[in-house]
Amino acid sequence: MRIEFPGRTVVVLGAARGIGSAIVAEFLAAGAAVWACDIAAAALDALDPRVERRAVDVTDESAVAAFIRAAEARTGAVDVLVHVAGGVRGKPRQPIEDVSTRDWLDIYEANVMGAVNAVRAAVPGMKRAKSGRIVIIASPAGMNVSLTGIQSYASAKAAQLGLMRQLAHELGQFGIGVNAVAPGFMPTSPDYERQWAGYGEAGQKALIERNPMRRLGRPEEIAYAVMFLASPYAGFINGQVLPVTGGPTV
Ligand SMILES: NC(=O)c1ccc[n+]([C@@H]2O[C@H](COP(=O)([O-])OP(=O)(O)OC[C@H]3O[C@@H](n4cnc5c(N)ncnc54)[C@H](O)[C@@H]3O)[C@@H](O)[C@H]2O)c1
C-alpha cells in the first residue's frame with residue numbers, strides 16, 4: 001500500500017506548528033499541493049517554501065472562504081480539507097464558575113466554528129468534483145474527560161465529533177468522506193508544553209507508564225492517520241473517529 005497525493009490539493013487550517021505543520025510536511029512529501037493557513041502569521045514562514053500559506057483567522061468566515069477560493073482557483077478543487085486549528089487557545093484551567101464567556105467562546109469558535117467555516121467553503125467545490133475528504137483533528141478530550149481540565153475544550157472537541165458524524169451522513173452521497181483523528185497528548189505547542197511541564201517529573205513518568213506503548217506520540221504519527229483517512233484506501237470509511245493514542249488506558 002502506497003499513500004501518495006500527486007496532483008491533489010490539500011488545505012490545512014491551523015498549520016503553523018505542532019500537529020498542523022507535521023501534517024503539512026507529510027502531505028508535501030507525498031506529492032500534494034499544500035495550502036496552509038494559521039492565525040500565527042509569523043510562524044507560517046518556517047514552512048517549506050513550496051507551501052502556499054496565508055494568515056487566516058478561522059473564525060473569520062469570509063477570510064476562510066477567500067482562502068479556500070484561492071486554493072480552488074489555482075488548482076481546480078480542494079481534494080482534502082484538514083481542520084487542525086483550535087487547541088486551548090492559551091486558556092488556563094479554572095473552576096467552572098470562574099470561566100468567562102469570552103474565554104469559553106475563544107476555544108469553541110476556533111475549534112468548532114473554524115471547522116464549520118472551512119467545510120462550508122470547501123463543500124460546494126467538492127460536490128462539483130463529486131469527491132472530497134475532510135478530516136478534523138479532534139481529541140480524546142471529546143470522548144472522555146480532558147487532561148487539560150478545560151471545560152470549554154472538552155465541550156468543543158465533543159462538538160467536533162458530533163459535527164463530523166452529521167456531515168458524514170449528509171455528504172457521503174456526494175462522494176465526500178468526513179472523519180476525525182483524536183491524538184493522544186503530546187507537548188507540541190506552548191499550551192501543551194505548559195501542561196506537560198505542570199505534571200512535573202513524576203507526573204510525566206506516570207502518564208507515560210499508563211500508556212500501553214510506554215511513550216508519547218509524535219506529530220507525524222497523527223499526520224499518517226490523516227493521510228490514510230484522506231486516501232482512497234479509506235474510501236468507504238466515513239463518520240469515524242480514529243484515536244492515535246498508543247492504546248486504551250485504565
Ligand atoms: N497536542 C496535543 O496533546 C493534542 C491532543 C489532542 C488534540 N490536539 C488537537 O490538535 C490540534 C493541533 O494542536 P497542536 O498540539 O499542534 O497545538 P495547538 O493547539 O497550539 O495548535 C493549534 C494551531 O491552530 C492555530 N490556531 C488557533 N486558533 C486559530 C484561529 N482562530 N485561526 C487560525 N489558526 C488558529 C494555532 O496558531 C496553532 O498553530 C488542536 O486542534 C488540538 O486541540 C492536540
Side-chain angles (χ1 to χ4, degrees), residues 11-26 35-47 51 53-64 66-68 82-91 102-103 105-118 135-150 152-161 163-164 180-199 204 207-208 211 215-223 225-226 241-246:
V11 169
V12 184
L13 302 106
R17 63 184 185 215
I19 292 170
S21 64
I23 291 170
V24 167
E26 295 301 332
W35 286 66
C37 77
D38 204 287
I39 199 171
L44 286 170
D45 292 343
L47 297 178
V51 176
R53 83 251 0 236
R54 302 281 187 279
V56 174
D57 180 340
V58 295
T59 67
D60 179 342
E61 184 182 351
S62 56
V64 172
F67 174 58
I68 301 282
V82 190
H83 181 78
V84 191
V88 301
R89 306 282 287 116
K91 308 298 178 221
R102 191 60 260 162
D103 276 6
L105 289 178
D106 268 356
I107 293 176
Y108 182 83
E109 285 171 352
N111 284 278
V112 184
M113 290 314 298
V116 172
N117 289 338
V135 183
I136 295 174
I137 303 301
S139 173
M143 306 159 80
N144 204 322
V145 291
S146 175
L147 277 177
T148 65
I150 300 175
S152 170
Y153 183 66
S155 305
K157 288 309 200 188
Q160 284 185 327
L161 295 180
L163 172 70
M164 176 275 293
V181 170
F185 176 80
M186 52 187 82
T188 39
S189 72
D191 287 330
Y192 296 105
E193 280 159 12
R194 210 168 22 254
Q195 186 182 338
W196 180 240
Y199 293 145
Q204 292 173 1
L207 188 88
I208 288 170
N211 190 296
R215 67 173 177 86
L216 300 181
R218 294 186 285 270
E220 62 270 25
E221 291 175 312
I222 308 308
V226 172
V241 54
L242 176 56
V244 182
T245 58

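This structure is a prediction, so every number in the text was calculated from the model and none was measured. Numbering of ligands and ligand atoms starts at 1, following listing order.
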Would you compute the distance between atom OH of Y108 and atom NZ of K157 and round it to the nearest 0.5 angstrom?
12.5 Å
Please confirm whether P183 approaches ligand 1 to less than 4.0 Å, judged on its heavy atoms.
yes
CD1 of I136 to CG of N111, rounded to nearest 0.5 Å, is 10.0 Å
Examine V58 against ligand 1 and note whether any of their N/O atoms are separated by less than 3.5 Å.
yes
Assess D60 for proximity to ligand 1: is some non-hydrogen atom of it under 4.0 Å away?
no
Just distances here: any N/O of A15 and N/O of ligand 1 closer than 3.5 Å?
no
Out of A138, A182, A141, whose heavy atom is nearest to atom 7 (C) of ligand 1?
A138
Of the protein's non-hydrogen atoms, which lies at the shortest distance from atom 21 (O) of ligand 1, and what is that distance?
R17 NE, 4.2 Å
Is it true that E109 lies under 4.0 Å from ligand 1, counting heavy atoms only?
no
Under a 4.0 angstrom heavy-atom cut-off, which atoms of ligand 1 come close to S189?
17 (O), 18 (P), 20 (O)
If we only count N/O pairs under 3.5 Å, is D57 in contact with ligand 1?
yes
Report the C-alpha distance between L47 and R17 in whole Å, list the side-chain angles of each, state the deciding distance to 0.1 Å, and finish with yes or no for side-chain contact (heavy atoms from CB on, under 4.5 Å).
CA-CA 9 Å; L47 297 178; R17 63 184 185 215; over 6 Å; no
Backbone N or O of I39 within a donor-acceptor pair of the D57 side chain at under 3.5 Å?
no
When rounded to the nearest 0.5 angstrom, what distance separates CG in D191 from CD1 in I150?
7.5 Å
Considering the heavy atoms of V56, write down every atom of ligand 1 situated less than 4.0 Å from one of them.
32 (N), 33 (C)
re atom 43 (O) of ligand 1, the protein heavy-atom contact at minimum distance is Y153 OH, 2.6 Å
Closest approach of L44 to C37 (non-hydrogen atoms, all atoms of both residues):
CD2-C, 4.2 Å
Find the distance between OG1 (T188) and CD1 (I19) and round it off to the nearest 0.5 Å.
4.5 Å
Are any of the N/O atoms in S139 less than 3.5 Å from those in ligand 1?
no
Side chain or backbone, does D191 bring an N or O within less than 3.5 Å of an N or O on ligand 1?
no
Minimal heavy-atom distance between G14 and V84, with the atoms involved, is O-CB, 3.5 Å
Closest approach of any protein heavy atom to atom 37 (O) of ligand 1, naming residue and atom:
D38 OD1, 2.6 Å
Run the numbers for me: atoms of ligand 1, each under 4.0 Å from some heavy atom of T188, listed by number.
1 (N), 14 (P), 15 (O), 16 (O)
Nearest neighbour in protein (non-hydrogen) for atom 16 (O) of ligand 1:
I19 N, 2.8 Å
Determine, considering heavy atoms only, which of I222, V84, I137 sits nearest to atom 40 (C) of ligand 1.
V84
Apply side-chain contact (heavy atoms from CB on, under 4.5 Å) to L13 and V64, showing your working.
CA-CA 9 Å; L13 302 106; V64 172; 4.3 Å; yes
Checking the side chain of D38 only, and the main-chain atoms of A15 only, is there a donor and an acceptor separated by less than 3.5 Å?
yes
For atom 29 (C) of ligand 1, what's the nearest protein heavy-atom neighbour? Residue, atom name and distance, please.
I39 CG2, 3.7 Å
Min N/O separation F185 to ligand 1 under 3.5 Å
no
Taking Q204 for the side chain and W196 for the main chain, is one N or O donor matched with an acceptor at less than 3.5 Å?
yes
How long is the straight-line distance from CD of E26 back to CD of E221, given to the nearest 0.5 Å?
10.5 Å
Any idea which protein heavy atom is nearest atom 42 (C) of ligand 1, and the distance to it?
Y192 OH, 3.4 Å
Interfacing atoms of ligand 1 (cut-off 4.0 Å, heavy-atom, G14)
24 (O)
Ligand 1 and G18, any nitrogen or oxygen pair closer than 3.5 angstrom?
no
Would you name the heavy atoms of A115 and L163 that are closest together and state the gap between them?
CB-CD2, 4.0 Å
Report, in ascending order of atom number, the atoms of ligand 1 lying under 4.0 Å from any heavy atom of G184.
3 (O), 5 (C)
Can you find an N or O of M186 that's nearer than 3.5 Å to an N or O of ligand 1?
yes
List the atom of I107, the atom of A156, and the distance in Å for their closest heavy-atom pair.
CG2-CB, 4.2 Å
